[in-house]
Amino acid sequence: MQKMQFKIVSLILIALFYCIQGNAQNMQKGKKIYETRCLACHQADGGGVPNMNAPLDAASNVVGKDIARLVRIIRYGYNERVALDGFYYSNAMTASPDLKDNEIADLLTYIRNSWSNKASAVTIAQVQAAKKKK
Ligand code: HEC
């Protein structure tokens, strides 16, 4: 009986390990993309540049529920006179139309879970759903 319990606990631990590792891998890939494409404007700490580039850290939209909007911003770029958490930003965000669905999912998972941000991971299915609306 005890052997059986040990086996079950071991299996659960192994499954857990793979789950955590899977997430970590997405975060790592997302971080790489962030560093090559986004860091110059949004900065290493996600704080952006006042009045120029919007912060991603502690930004309500970034950790919010509208994933489709975030996907569109990355794919098509963003330049609208709309206040983001009360501030306006003069720069225009460049588009990344060449990023693949899984890369956008990793990237969004990364920015939603870095610095002080803590939000759900973004799946490839969510990225694909955003594409259909456009
Ligand atoms: C050329 C500078 C620049 C680059 C590069 C850039 N951004 Fe942006 N980003 C901006 C600016 C400026 C805004 C705000 C635009 C506006 O208000 O019209 C913005 C807005 C955003 C927003 C919306 C924030 C909110 O509060 O709604 C997200 C999300 C975002 N950027 C993510 C990214 C990601 C991810 C990358 C890398 C693929 C990236 N940006 C690359 C300048 C940039």
Side-chain angles (χ1 to χ4, degrees):
M1 194 57 196
Q2 255 188 339
K3 250 191 182 167
M4 181 79 175
Q5 275 174 339
F6 179 75
K7 264 190 189 160
I8 290 169
V9 169
S10 306
L11 275 176
I12 290 170
L13 282 179
I14 289 167
L16 224 99
F17 175 76
Y18 278 107
C19 282
I20 292 165
Q21 227 199 5
N23 273 338
Q25 210 169 32
N26 289 351
M27 287 285 285
Q28 241 6 66
K29 285 187 199 156
K31 185 177 187 196
K32 275 221 177 95
I33 302 169
Y34 182 83
E35 284 169 351
T36 50
R37 299 194 182 227
C38 323
L39 184 145
C41 290
H42 292 288
Q43 306 297 301
D45 65 356
V49 179
N51 306 314
M52 252 183 93
N53 300 317
L56 302 180
D57 183 27
S60 60
N61 291 319
V62 174
V63 294
K65 292 209 172 98
D66 194 350
I67 306 294
R69 173 182 174 272
L70 297 175
V71 173
R72 285 195 298 273
I73 285 176
I74 289 173
R75 201 170 270 141
Y76 307 111
Y78 193 54
N79 187 18
E80 275 175 34
R81 280 279 329 141
V82 172
L84 301 170
D85 292 322
F87 293 96
Y88 291 91
Y89 300 94
S90 60
N91 218 348
M93 178 166 149
T94 40
S96 285
D98 55 315
L99 282 180
K100 297 185 183 76
D101 293 344
N102 65 308
E103 291 173 321
I104 294 180
D106 289 347
L107 180 56
L108 285 178
T109 298
Y110 174 73
I111 66 169
R112 282 163 64 83
N113 290 284
S114 291
W115 317 299
S116 69
N117 293 349
K118 269 191 176 43
S120 61
V122 172
T123 63
I124 297 172
Q126 282 175 304
V127 176
Q128 284 165 345
K131 205 190 296 191
K132 281 184 196 135
K133 274 192 202 156
K134 244 314 246 247

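As the structure lists them, so they are numbered: ligands from 1, and atoms in each ligand from 1. The structure presented is a predicted model; accordingly, all values stated were derived computationally and were not measured.
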Using a strict cut-off of 4.0 Å, indicate which atoms of ligand 1 neighbour a heavy atom of Asn79. 18 (O)
Flag Asn91 as yes when one of its N or O atoms lies below 3.5 Å from any N or O atom of ligand 1, and as no otherwise. no
In terms of atom number and element, which parts of ligand 1 are under 4.0 angstrom from non-hydrogen atoms of Asn53? 12 (C), 42 (C)
Geometry only, no angles: is Glu80 polar-contacting ligand 1 at N/O separations under 3.5 Å? yes
Give the residue, atom name and distance (to 0.1 Å) of the protein heavy atom nearest atom 23 (C) of ligand 1. Ile73 CD1, 3.8 Å
Can you sort out which atoms of ligand 1 are near Asn61, meaning under 4.0 Å from one of its heavy atoms? 25 (C), 26 (O), 27 (O)
Counting backbone and side chain alike, does Met93 bring an N/O/S atom below 2.8 Å of atom 8 (Fe) of ligand 1? yes
Give the numbers and elements of all ligand 1 atoms closer than 4.0 Å to a heavy atom of Ala92. 1 (C)
Closer than 2.8 Å to atom 8 (Fe) of ligand 1: does that hold for any N, O or S atom in Cys38? no
Where the side chain of Asn53 meets the backbone of Cys41, is there a donor-acceptor pair that is under 3.5 Å apart? yes
With heavy atoms of Arg37 as the reference, note each atom of ligand 1 found under 4.0 Å away. 5 (C), 37 (C), 38 (C), 41 (C)
Side chains of Met52 and Tyr89, heavy atoms from C-beta outward: is any pair under 4.5 Å? no
Sub-3.5 Å donor-acceptor pair from the side chain of Asn113 to the main-chain atoms of Ala119, do we have one? yes
Show which atoms of ligand 1 fall inside a sub-4.0 Å distance from at least one heavy-atom site of Leu70. 29 (C)
Is the shortest side-chain N to carboxylate O distance from Lys100 to Asp106 below 4.0 Å? no
